[in-house]
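Okay, so here's the structure we're looking at.
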Amino acid sequence: MAFSSIIGQKDAKERLVAALQGTPGHAYLFVGPDGIGKTLLAREFAKALLCQRPSADGACGVCSSCRYFEAGVNPDFCFLQPEDKDKVIKVERVRQSISQDLYIRPQFGQRKVYLIAGDALNEQGQNALLKSLEEPPEYAVFLLTVISPSRLLPTILSRTSSIVLRRYSPDEIEAILIRNGITGGPEMQFFARFAGGLAGLAIDLACSTWFSDLRQETLQFYRKLGRQSRTAMLTEGFQFFEANKARVPVMLDILDSLVRDQLVLASGGNSDLVTNHDQWPFLKSARPGGGVPAEVVRGHLAQAYAALLSARRGLSLNISFEPLICNLLLQLRKEFTYA
Ligand SMILES: [Zn+2]
């Protein structure tokens, strides 16, 4: 795999190719949210830096360095990540894998590359890394991935060049899903849009049965919103949220997307702009408030959207679950039963 086979991220790839063709720096920071492909791109850059016969498209893929890299045993490459997700990289591992290894010369070529999950470095780990970054041997290149540069010490940042990764377009995400063997099905376009430009999230959602089930149930709930009595909302409606308590933020995301889609429709937008593309016939037929001026419809939808936003804020502030959800349910019912 070379740069051209990585979908999207044109600017970032151009900068990396330019670095390869010139004199690469000693430290790069790959910046972007989770699921954007930071590690994928940084690994490809590492492979190209180590390749014995690189081209303008990156690594050759066939030299011994590339083959060892692909097999995960290239001795000139070190990937430092936490043993468990959400945990930190212990400072001893930074010392062992980097500080002590750094002055052993490369075995295959002219370089050694250290790829580090920067979000997992605490201050102690960063300080340990800093010593190596300050005076690296000429063959060493450090690649750090981070969600946000603010997580790193200014002394680290000042020694790195940033490569910022952009969110993918829905078309690019669809292409990435196909690349990952996720094909067909009307939900493809939905995943591509719902993931908000994050390819990793789109893949996770497309591969999980829980999400598909939860979405179908949330769609059923949404379809009934305008026809439910207060009592039904506070009993069945609440039970639905309570049964999925740990996933309420995802349910709010799904409801958000539906309300936004109906706002698009009420504003005269077309199917290209909606997230729930596979629900287009339903969205069109469920246009709320038949005969009511579009302006009024938009007003109610905007209120429903605000209610979802406020519930999300309440959840993050740990406001008591039952009153929070009951309040949301009654507000949603109000905004969908005005016609
Ligand atoms: Zn090669």
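Residues take their numbers from the sequence shown, with the count starting at 1. When a ligand or atom number is given, it counts from 1 through the structure's own listing order.
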**Request:** For K245, enumerate each residue passing the side chain to side chain donor-acceptor pair (under 3.5 Å) test, keeping only those at least two apart in sequence or located in another chain.
**Result:** none
**Message:** Show me the pairs that pass ring pair (Phe, Tyr, Trp, His ring centres under 6.0 Å) and involve residues 211-233, at least two apart or across chains.
**Reply:** F194-F211, F221-F240, F221-F241, Y222-F336
**Prompt:** Quick check, are the ring centers of F142 and Y28 under 6.0 angstrom apart?
**Reply:** no
**Asked** Taking atom CG of L234 and atom CD of Q239, what is their separation to the nearest 0.5 Å?
**Response** 10.5 Å
**Fill in**
Sorted by chain and number, sequence neighbours left out, side chain to side chain donor-acceptor pair (under 3.5 Å) with D101 holds for K112, Y114
**Request:** Report the protein N/O/S neighbours of the Zn ion (ligand 1) that fall below 2.8 Å; do not count waters.
**Result:** C51 SG, C60 SG, C63 SG, C66 SG
**Request:** May I ask you to decide if L49's main-chain N or O and R111's side chain share a donor-acceptor pair within less than 3.5 Å?
**Result:** yes
